[in-house]
Amino acid sequence: MAQDDSAEWNTDDDLYFEIDNFQSSPKSSSPVVTSSDHMFATLVDMGFSDDVIARAIQENGPNAETSVIIDTISKYSMNCEPSSSKSKTIYHFLAMGFDEEKIIKAIHKHGEENMEEIANALLSSEADMKEEDNIDWSDSDDEMNDDEKDPDSFDSCNPLSSLVKMGFSELEVSLAIERCGDSVSIADLADFICAAQIAREFDEFHIEPEEQKPRQNIRKSQKEPRPSTNDQPLRLPNPMIGFGVPNESVFITHRSLPALARAPPYFYYENVALAPTGVWETISRHLYDVAPEFVDSKYICAAARKRGYVHNLPISNRYQIQPAPKLTIQEALPVTRKWWPTWDTRTKLNCILTVHASAQLTKRIRLALEAHTGEPSEATKRFVIEQCKKWNLVWVGKNKAAPLDGDEIESLLGFPRNHTRGGGITTTERLKSLGNSFQVDTVAYHLSVLKPLFPDGINVLSLFTGIGGGEVALHRLQIPMKTVVSVEISEVNRNILRDFWEQTNQRGVLIEFADVQDLTKDKIVELMKRFGGFDLVIGGSPCNNLAGGNRVSRSGLEGEQSSLFFEYCRILDVVRETTKEMRRS
DNA sequence: GCTATGATGAGGCACCTT
DNA sequence: AAGGTGCCTCATCATAGC
């Protein structure tokens, strides 16, 4: 936790690059996925069609590395394989996500047998439609990423010239070296770049013409589903690592956003991953068709937290805040190590919820265990393990299981100690607020890309702020918050954010609203004119009607609380529109 | 008033066997 | 392919006890 709160706002990027190099150092020289099922799912998530993946796996064997499979798929699209029928050619490019009309046009122009030329024609057609991959919507000065522009930074790298001669761009090579380290062989670097290229290409190809039209017209004209479009039910990725997490070796460093999403401000929306069927499709559709990034925080800390994030942030050069969280329960909560029974094999906690076990339950567990001398019976073990998993209990003494306390939850979720303690909050309220919060390290990992973009600070509109997970993430990233306009219905939560603001000696302005309805269009415009607009709109709307634990009113996005998602959309729309107007004038 | 407690399953995925 | 099993899930409510 950053404790030097009195320090100057540090715009020195040394820390950033040091940490980035740390997190991106190669675990292996090329991406490896342990099981072919996982590899399959990963490739599907990258946008490849099932058929193409199956074919590539069949060709290379089930134990082939992901990079080899991607290479093979790449060859499918580039080789001049004569196809027996026209429809097969069309299907081939449809599977890659191209628009059918364009495919037909390209086939007519170049001839069915010239697959390479067809591919090139489709590629350049898509390239004309899209903007640069790195979102650069600034029309002037302050948001440029110098690393990507400074040719001097490449001079000392030996593999660079070799790889550039092989036809890769300097940017690609430098990114690969940054990700894999400079001790990796040129072949492995080339592999990495290829994988990134293919992932990027396939992703970009999935920009559909519909995405450029107004939202109301979306999807009406869609005839038949195509792979990886949001017409198909969203699949949760396995492993749930989004575009990559610090401790896994598979990274996707580029994606192409739908054209509508490529507009300031940056936005970041969060909710539970395991929402009822169709919810994430709706969320995505209302957020400019940006595909959700599903991440389980168990890959970043010691507790599971399966969440979907819809955002338009860049995804390359992410880094983790330090110190990185411990990955196992016993490391994260050392006090439990001594008492942890060997027959309790858990290393990760389940999702931290808003309710916790009663004293009566832990008493029953103690009595059940004390009935045995030495090793408990299998039935007792089963009972105890079941309860431990159900209630997320940890071992704090002999035969003594206990629910997590507030301090431990704060720590697991990446908050400063005592962040939610005191100030009139009751234990029940504290646990509820924490249970509804972000996992700070996860969110900070995603937000870390903002650090070099806003060296002078950032204006934030924080909706459904809760206990301020987003603000804590930005603070831990040492991204100065010039302005935070926060909306939070709970008074105790607003107090927590205000306390945090004062305790960390924030120099920016904090403005708090209670009711999201109070943030009218006029009010938003006024605030934006006063502070020069918002750079980031962040928030996770209420999950009450989406969460699996709700037996009473799991009614989806139309539910009483969860429908506030549409307020997020309303406000984001106003901010985007006002931003556009402010930039015009 | 407040707090702690226990009861209230469905939904959906992963994985396995058949 | 189909069916069964195991597992987990940012929760809500009524009520007893203080």
Side-chain angles (χ1 to χ4, degrees), chain A residues 34-38 40-41 44-45 233-240 269-281 283 294-298 301 303-309 345-346 348-364 382 385-393 403-406 409-410 412-415 420 424-440 442-443 464-470 488-490 492-493 539-557 559-562 564-565:
Chain A
T34 50
S35 93
S36 61
D37 284 343
H38 285 182
F40 200 98
V44 169
D45 293 332
L234 279 170
R235 273 186 56 242
L236 294 177
N238 184 11
M240 197 182 278
Y269 174 81
E270 178 260 12
N271 216 318
V272 291
L274 281 64
T277 306
V279 163
W280 276 106
E281 285 83 346
I283 290 173
F294 292 105
V295 180
D296 187 342
S297 293
K298 76 174 180 182
C301 68
R305 206 163 185 79
K306 298 181 183 67
R307 296 293 180 268
Y309 304 89
T345 56
R346 291 176 300 152
K348 299 280 183 186
L349 289 160
N350 284 334
C351 185
I352 291 165
L353 306 177
T354 56
V355 287
H356 69 297
S358 66
Q360 299 307 313
L361 176 71
T362 55
K363 184 177 178 184
R364 282 199 292 276
R382 255 200 317 278
I385 293 290
E386 186 191 338
Q387 296 303 319
C388 284
K389 287 182 177 176
K390 183 176 176 186
W391 293 102
N392 245 355
L393 306 179
L404 298 166
D405 68 20
I409 296 176
E410 275 173 355
L412 287 162
L413 293 178
F415 286 92
T420 56
I425 193 171
T426 67
T427 306
T428 312
E429 286 171 327
R430 188 183 184 198
L431 292 173
K432 185 172 180 184
S433 291
L434 281 165
N436 280 312
S437 167
F438 288 166
Q439 205 288 323
V440 170
T442 309
V443 172
F464 316 111
T465 304
I467 57 174
E488 170 55 40
I489 194 75
S490 153
V492 292
N493 286 350
S541 63
C543 68
N544 310 36
N545 311 114
L546 311 179
N550 189 342
R551 276 101 143 143
V552 179
S553 52
R554 195 183 183 188
S555 44
L557 269 184
E560 188 183 346
Q561 289 86 23
S562 294
L564 288 174
F565 161 70

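Note that this is a predicted model, so its numbers are computed, not measured. Throughout, protein chains are lettered first and strands after them, A, B, ... in sequence-line order, and every chain is numbered starting at 1.
Contacts of Glu429(A) classified as side chain to side chain donor-acceptor pair (under 3.5 Å), with partners at least two apart in sequence or in another chain: Thr426(A). In this structure, the side-chain contact (heavy atoms from CB on, under 4.5 Å) partners of Leu353(A), at least two apart in sequence or on a different chain, are Cys351(A). Residues forming a side-chain contact (heavy atoms from CB on, under 4.5 Å) with Asn544(A) (at least two apart in sequence, or on another chain): Pro542(A), Gln561(A). Residues passing the ring-ring contact (aromatic ring centres under 6.0 Å, His included) test with Tyr309(A) are Tyr268(A), His446(A), sequence neighbours excluded. Partners of Ser297(A) according to the side chain to side chain donor-acceptor pair (under 3.5 Å) rule, which considers only residues two or more places apart in sequence or in another chain, are Thr442(A). Taking the ring-ring contact (aromatic ring centres under 6.0 Å, His included) definition, one finds that Phe565(A) meets it with Tyr269(A), sequence neighbours left out. Take Ala547(A) and apply the side-chain contact (heavy atoms from CB on, under 4.5 Å) test, not counting sequence neighbours, and it matches Cys543(A). With sequence neighbours left out, Asn350(A) forms a side-chain contact (heavy atoms from CB on, under 4.5 Å) with Lys389(A), Asn392(A).
Which of dA11(C), dT12(C), dC15(B) sits closest to the side chain of Thr354(A) comes down to dA11(C). Distances from the side chain of Asn238(A) to the nucleotides dG12(B), dC15(B), dT12(C) place dC15(B) closest.
Within the 4.5 Å cutoff, the side chain of Asn271(A) has heavy atoms near those of the Trp280(A) side chain. In this structure the side chain of Asn550(A) reaches within 4.5 angstrom of the side chain of Val552(A), judged on heavy atoms. A heavy-atom distance below 4.5 Å is found between the side chains of Asn493(A) and Ile467(A).
The CZ-P distance, from Arg551(A) to dG6(B), rounds to 14 Å in whole Å. Between the CZ atom of Arg307(A) and the P atom of dC10(C) there is a distance of 4 Å, given to the nearest Å. One interatomic measurement links the two molecules: CZ of Phe294(A) to P of dC13(B), which rounds to 11 Å at whole-angstrom precision. Distance, Trp391(A) CH2 to dT9(C) C1': 12 Å, rounded to whole Å. Summarising the geometry, the separation between CD on Glu270(A) and P on dC10(C) is reported as 10 Å, rounded to the nearest angstrom. As rounded to whole Å, 15 Å separates atom C1' of dG6(C) from atom NZ of Lys390(A). Taking atom CZ of Arg382(A) as the reference point, atom C1' of dC7(C) lies 16 Å away to the nearest angstrom. Atom-to-atom, CD of Glu488(A) to C1' of dC10(C) comes out at 13 Å; the value is rounded to the nearest Å.
Within the structure, every side-chain polar atom (N or O) of Arg554(A) is placed at least 4.0 Å from both OP1 and OP2 of dA11(C). Distances shorter than 4.0 Å separate some side-chain N or O of Asn544(A) from OP1 or OP2 on dT12(C). Here Asn350(A) reaches the OP1 or OP2 of dT9(C): one of its side-chain N or O atoms lies under 4.0 Å away.
Within 4.0 Å of Ser562(A), counting heavy atoms only, lies no atom of the nucleic acid at all. Residue-level contact check: Lys389(A) touches the backbone only, with heavy atoms under 4.0 Å from sugar-phosphate atoms and none from bases.
Place Gly548(A) and Leu361(A) on DNA chain B by their nearest nucleotides, and Leu361(A) ends up nearer the 5' end.
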Give every pair of a protein N or O atom and an N or O atom of nucleotides 2-5 of chain B that lie under 3.5 Å apart, one pair per line with the distance.
unit_1	atom_1	unit_2	atom_2	d
dA4(B)	OP2	Thr428(A)	OG1	2.7
dT5(B)	OP1	Ala359(A)	N	3.4
dT5(B)	OP2	Ala359(A)	N	3.4

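Atom name P, nucleotides dC10(C) and dT5(B): the rounded distance is 23 Å, in whole Å.
Pairs engaging residues 353-363 of chain A under the side chain to side chain donor-acceptor pair (under 3.5 Å) rule: none recorded [sequence neighbours left out].
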Under 4.0 Å protein heavy-atom contacts per nucleotide of nucleotides 13-18 of chain C, with B for base, S for backbone only and - for none:
------
With pairs defined as Watson-Crick or G-U wobble and both distances under 3.5 angstrom, please note down DNA chain C as a dot-bracket string, | for pairing with another strand.
|||||||||.||||||||
